Amino acid sequence: MLHADIEKALNDQINAELFSSYLYYAMAAYFEATGIPGAANWMRIQTQEELVHVSKYFEYIVDRGGRVALGAVAAPPSQWRSPLAAFEAALAHERLISARIHKIADLAVKHRDHGTHNFLQWFISEQIEEEKTAEDVVQKLKLAGKDGAGLFMIDRELATRVFTPPAAGA
Ligand code: OFO
C-alpha cells in the first residue's frame with residue numbers, strides 16, 4: 001500500500017511527464033513551422049519517450065494498489081526565439097524533471113518505502129541520459145551559431161533519431 005504522500009507525488013509526476021510530452025509536441029510543431037524537420041522529428045521521438053514514462057508511473061501506482069488520479073495538463077509555450085532557445089528550454093525542463101524525481105526519491109526514503117525508491121532508480125538513470133541528449137544538441141547548436149550550413153547538418157543528424165521502446169521489464 002502506498003503512503004498517501006507518495007501516491008500524490010507519483011500522480012503529480014504523471015502530470016509532469018504528460019506536460020513534458022505536451023511541451024515536446026509544441027516544440028515539434030514550432031520546428032515544423034520554421035522548416036527544421038529534423039529537430040521536429042527529434043522532438044516527436046522525445047514525446048514518445050515521455051509517454052513511456054507516464055505509463056511506467058501509471059502501472060507502478062496500480063501495482064502498488066494506489067489510485068491513479070489525472071489532473072489538467074498545463075498548456076506549453078508555442079514559440080521560441082531560435083532553435084537554440086528551444087533546445088535550451090528542453091534542457092532546463094529535463095533538469096527540473098530530474099530535481100522532481102530526486103525529491104520523490106527523498107520522500108520514499110523518509111517513508112522507508114524501499115519499493116518506490118527502487119522503482120525510481122530507473123528514472124534517475126534515465127534522467128542522466130535525458131539531460132545528456134538535450135545538452136549535446138545545445139552544444140552543437142552553439143557551435144553552429146548563425147552558420148546556416150552547420151544548422152542544416154545538425155538538422156540532418158536530428159532527423160535520424162528513432163524511437164526505441166525500453167526492453168521488456170526495464
Ligand atoms: Fe520524462 O523525462 Fe523528460 O521530461
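What you see is a predicted model; the values in this text were computed from it and never measured. Each ligand, and each atom within it, is numbered from 1 in the order the structure gives. Heavy-atom basis, side chains included; hydrogens, waters and symmetry copies ignored.
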Decide yes or no for Arg67 and Ile61: does some side-chain heavy atom of the first lie under 4.5 Å from some side-chain heavy atom of the second? no
Quick check: do Arg64 and Thr116 have side-chain heavy atoms less than 4.5 Å from each other? yes
More than 12 heavy atoms of other residues, nucleotides or ligands under 6.0 Å from CZ of Phe19: is that the case? yes
Going by the ring pair (Phe, Tyr, Trp, His ring centres under 6.0 Å) test, which pairs reach into residues 135-161, not counting sequence neighbours? none
Counting only protein N/O/S, how many atoms fall short of 2.8 Å from atom 1 (Fe) of ligand 1? 3
Is the side chain of Gln121 donor-acceptor paired with the backbone N or O of His117 at a distance under 3.5 Å, no angle test? yes
Can you tell me how the ring of Phe87 sits relative to the ring of Phe31, calling it parallel under 30°, perpendicular over 60° and tilted otherwise? tilted
